[in-house]
2 protein chains.
Amino acid sequence: MTTRDRLLKAAIARFSEHGYRMVSVRDICADARANVAAVNYHFGGKLGLYREVVNAAIEAIRSASESALFAADDVPPVERLRQYVNAYVHTIAAREKTPERERLAWVHDLMAHESMEPTPLAPWIAEQALMPRLRYLSALVAELMRCKPSDPRVTRCVISIQSQCLFYAAPNKFRDTAFPGWPLSAAGLAAAADHIVAFSLAGVRRVARAR
Amino acid sequence: MTTRDRLLKAAIARFSEHGYRMVSVRDICADARANVAAVNYHFGGKLGLYREVVNAAIEAIRSASESALFAADDVPPVERLRQYVNAYVHTIAAREKTPERERLAWVHDLMAHESMEPTPLAPWIAEQALMPRLRYLSALVAELMRCKPSDPRVTRCVISIQSQCLFYAAPNKFRDTAFPGWPLSAAGLAAAADHIVAFSLAGVRRVARAR
DNA sequence: GACGGATTCAAACGGCCGTTTTATACATCC
DNA sequence: GGATGTATAAAACGGCCGTTTGAATCCGTC
């Protein structure tokens with residue numbers, strides 16, 4: 001594995017766990033067993049390295065969305081919601097065991113840091129990683145509610161569903177201590193996904209019926 | 001206003017917006033028009049100053065919980081949920097206009113930073129600021145579902161409700177750009193609170209009915 | 001074997017960090 | 001008025017930061 005690849009791998013781990021600002025170039029180079037100057041040589045600087053990490057994150061979430069979260073239009077909306085939530089919640093699972101390519105948790109960690117302390121790349125991340133999911137979910141909910149995706153009720157339902165998924169997928173040190181039986185087992189994770197689907201379907205139908 | 005008070009006020013603003021690590025003592029002292037050594041003189045160091053900020057946050061959230069979020073036991077649970085959600089969601093409102101004492105948004109900002117990058121004070125914050133709300137909400141949901149607060153279904157419903165409230169109360173730079181019509185007007189905020197209550201009540205009842 | 005571009009390396013640069021030192025003002029009490 | 005304790009001030013400390021420098025090393029090619 002080349003020095004460039006080792007740097008990128010170490011940078012993915014460090015940046016996604018602690019955010020751009022809190023990670024030093026020296027930390028990454030130590031992890032990658034590379035000289036401090038290597039980052040500037042191969043990536044033109046700390047921000048250039050981070051840009052490559054962000055590109056990898058966007059590519060990872062894009063391929064995961066298309067393969068695991070999104071379903072074809074002919075799939076019934078309830079089943080599409082189930083698939084969306086299941087895939088979302090399970091990104092938190094195996095946060096530390098499955099191989100690099102398969103686990104998506106680091107992407108959510110990175111986005112959580114960006115949402116708290118944005119870098120110049122935040123708008124690009126929002127458009128490429130977040131918006132596609134929100135648009136898909138909006139269309140899904142609009143179909144469930146039999147109304148236009150622009151309806152404010154749809155937006156509020158999307159927020160309700162997305163917030164629940166994010167609680168399980170995003171990093172949150174409080175969650176791991178405030179709730180008993182955390183981190184969740186595979187069965188607990190499946191139960192959580194089933195709960196979100198049932199809870200949200202009832203909520204969506206209630207909101208759709210109102211007015 | 002004494003130098004100590006000016007430092008504390010500046011520290012509250014800085015720490016809650018950017019977190020403990022990202023704020024420098026020099027930044028705070030510049031805001032407070034004080035010498036760099038003043039923090040060490042009055043608070044024994046950066047962490048000592050932060051400890052005072054955390055104490056103020058805990059006191060603020062405690063008094064807000066008892067006066068605005070929590071209701072007496074004789075209030076019907078549905079009404080208690082409505083009050084809880086309304087107060088929670090409205091902490092985000094007037095994030096930049098109402099006077100210091102009355103707005104709670106800074107406390108949620110500080111807790112969001114603690115949940116991402118904990119300081120040694122994180123356990124204390126979790127126990128004093130977060131757990132009382134979760135316990136209150138658990139009892140409330142358990143009463144709605146007519147089952148024990150220790151039931152895992154109660155915990156999952158608490159998570160669902162809390163996640164939705166947190167989306168509106170916690171800082172999130174993506175939210176402000178990803179969703180149209182943000183930040184919310186007073187009417188939009190009230191509609192959001194009503195939505196969360198209706199959505200969640202339907203969800204809770206659905207989950208309670210299952211099995 | 002000598003050349004030349006690509007890569008690695010140790011060292012140093014200026015800058016910001018939290019903290020400490022040292023000195024100076026100022027109020028209070030004997 | 002001199003001593004005492006509190007508060008503020010400027011300067012400096014060692015340490016880590018991102019980046020740059022310039023020399024050393026590697027390696028395919030002539």
Side-chain angles (χ1 to χ4, degrees), chain A residues 1-57 109-110 113-114 116-122 124-125, chain B residues 1-57 109-110 113-114 116-122 124-125:
Chain A
M1 193 185 291
T2 69
T3 298
R4 204 192 124 99
D5 291 337
R6 292 201 315 275
L7 283 171
L8 193 54
K9 180 174 176 172
I12 285 177
R14 287 277 187 174
F15 281 141
S16 58
E17 182 169 3
H18 299 296
Y20 177 71
R21 298 266 223 162
M22 292 296 299
V23 173
S24 77
V25 172
R26 281 171 170 83
D27 289 336
I28 295 171
C29 290
D31 286 359
R33 268 178 294 284
N35 189 272
V36 239
V39 166
N40 286 281
Y41 178 77
H42 286 286
F43 299 94
K46 184 183 180 182
L47 191 59
L49 173 55
Y50 186 67
R51 199 184 309 272
E52 293 299 301
V53 171
V54 167
N55 286 341
D109 293 357
L110 187 141
H113 283 288
E114 281 286 344
M116 293 281 298
E117 210 93 32
T119 68
L121 283 67
W124 172 248
I125 297 171
Chain B
M1 192 184 285
T2 69
T3 299
R4 203 193 124 98
D5 291 336
R6 292 201 313 277
L7 283 171
L8 192 55
K9 180 174 175 171
I12 284 176
R14 288 277 188 173
F15 281 141
S16 59
E17 183 169 1
H18 299 294
Y20 177 72
R21 297 266 222 164
M22 292 296 300
V23 173
S24 77
V25 171
R26 282 171 170 82
D27 288 337
I28 295 171
C29 290
D31 287 358
R33 267 179 296 282
N35 189 273
V36 238
V39 166
N40 286 282
Y41 178 78
H42 287 284
F43 300 93
K46 185 183 180 182
L47 192 58
L49 173 54
Y50 186 66
R51 199 185 309 271
E52 293 299 301
V53 171
V54 167
N55 286 342
D109 294 357
L110 187 141
H113 283 289
E114 280 287 344
M116 291 283 296
E117 209 93 31
T119 69
L121 283 67
W124 172 249
I125 297 172

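Below, all heavy atoms of this structure are taken into account, side chains as well, without hydrogens, waters or symmetry copies. This one's a predicted model, so the numbers in the text were calculated from it and none came from an experiment. So that the names make sense, note that chain A is the first sequence line, chain B the second, and so on, each numbered from 1.
Taking every heavy atom of both residues into account, B:Ser16 and B:Ile12 meet most closely at OG-O, 2.5 Å. Taking every heavy atom of both residues into account, B:Leu7 and B:Ala38 meet most closely at CD1-CB, 3.8 Å. Taking both residues in full, the closest heavy atoms of A:Ala122 and A:Glu114 are given as CB-OE1, 3.3 Å, listed atom of the first, atom of the second, then distance.
A:His42 has a side-chain polar atom (N or O) that falls below the 4.0 Å cut-off from OP1 or OP2 of C:dT8. Side-chain nitrogen and oxygen atoms of A:Asn35 include none within less than 4.0 Å of the OP1 or OP2 phosphate oxygen of C:dT7. Between A:Thr3 and C:dT8 there is a side-chain N or O to OP1 or OP2 distance below 4.0 Å.
Applying salt bridge (charged side-chain N to carboxylate O under 4.0 Å, His left out) to B:Asp31 and the options B:Lys9, B:Arg6, B:Arg14 leaves one that passes, B:Arg14.
Relative ring orientation between B:Tyr50 and B:Tyr20 is described as tilted, the plane-to-plane angle lying within the 30° to 60° band.
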What are the atom names and distances for every N/O pair under 3.5 Å that joins the protein to nucleotides 13-19 of chain D?
{"from": "D:dC17", "atom 1": "OP1", "to": "A:Ser24", "atom 2": "OG", "distance (Å)": "3.2"}
{"from": "D:dG18", "atom 1": "OP1", "to": "A:Val23", "atom 2": "O", "distance (Å)": "3.3"}
{"from": "D:dG18", "atom 1": "OP1", "to": "A:Val25", "atom 2": "N", "distance (Å)": "3.2"}
{"from": "D:dG18", "atom 1": "OP1", "to": "A:Lys46", "atom 2": "NZ", "distance (Å)": "3.0"}
{"from": "D:dG18", "atom 1": "OP2", "to": "A:Val25", "atom 2": "N", "distance (Å)": "2.8"}
{"from": "D:dG18", "atom 1": "N7", "to": "A:Arg26", "atom 2": "NH1", "distance (Å)": "2.5"}
{"from": "D:dG18", "atom 1": "O6", "to": "A:Arg26", "atom 2": "NH2", "distance (Å)": "2.9"}
{"from": "D:dT19", "atom 1": "OP2", "to": "A:Lys46", "atom 2": "N", "distance (Å)": "2.9"}

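A salt bridge links A:Arg4 with A:Glu52: at least one charged nitrogen is closer than 4.0 Å to a carboxylate oxygen.
Protein atom CZ of B:Phe43 is 19 Å distant from nucleotide atom C1' of C:dT20, rounded to whole Å. Atom CZ in A:Arg4 sits about 14 Å away from atom C1' in C:dT7, given to the nearest Å. With rounding to whole Å, A:Asp5 atom CG is found 14 Å from C:dT7 atom C1'.
Distances were taken from every side-chain heavy atom of B:Tyr41 (C-beta onward) to each of C:dT8, D:dT6, D:dA10; the shortest belongs to D:dT6.
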